[in-house]
Amino acid sequence: MRYDKEYSSIKSVRQTLCKDVVNKKLTGVCAGIAKHYDFPRLAVRIAVIAALIMLPVVTGVAYVVASILLPNSKYY
């Protein structure tokens with residue numbers, strides 16, 4: 001049975017990349033990436049918006065694919 005790192009007292013438990021359904025704005029991809037890599041959610045969202053301005057097709061396709069393929073978080 002897997003647990004997220006924040007809900008486990010064992011620090012060696014692997015945290016998997018998934019969408020954050022609690023802190024989501026659109027689909028939860030940016031919030032999930034921020035949670036996984038321990039970055040501020042606002043910084044990840046600003047980086048994605050900047051990438052959308054510079055490379056709209058690539059970033060848009062990557063976001064849609066990530067929103068389809070990433071599972072929702074198991075814990076709220």
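We use all heavy atoms of the structure for the numbers below, so side chains are in, but hydrogens, waters and symmetry mates are not.
The side chain to side chain contact (heavy atoms under 4.5 Å, CB included) check on Ile49 picks up Ile53, with sequence neighbours excluded. Checked against side chain to side chain contact (heavy atoms under 4.5 Å, CB included), Val64 has the following partners two or more places apart in sequence or in another chain: Ile68. Under the side chain to side chain contact (heavy atoms under 4.5 Å, CB included) criterion, Lys19 pairs with Val29, Leu70, Asn72, sequence neighbours left out. Thr27 is linked by a side-chain hydrogen bond (donor to acceptor under 3.5 Å, both in side chains) to Tyr63, counting only residues two or more places apart in sequence or in another chain. Applying the side-chain hydrogen bond (donor to acceptor under 3.5 Å, both in side chains) test to Asn23 and every residue at least two apart in sequence or in another chain returns Asp20.
Remark: Lys35 NZ to Leu17 CG distance equals 11.0 Å, nearest 0.5 Å. Distance check: Arg41 CZ to Ile46 CD1 gives 12.5 Å after rounding to the nearest 0.5 Å.
The two residues Pro71 and Cys18 come nearest to each other via the heavy atoms O-CB, 3.1 Å. When all heavy atoms are compared, the tightest approach of Val21 to Ser73 is CG2-OG, 3.7 Å.
Each side chain to side chain donor-acceptor pair (under 3.5 Å) pair with one or both residues in residues 45-61, not counting sequence neighbours, would appear here, but there are none.
Phe39 is connected to Ile33 through a chain of hydrophobic side-chain contacts under 4.5 Å among Ile, Leu, Val, Met, Phe, Trp and Tyr, so both are in one cluster. Tracing side-chain contacts under 4.5 Å through hydrophobic residues (I, L, V, M, F, W, Y), one never reaches Val44 starting from Val65; they form parts of separate clusters.
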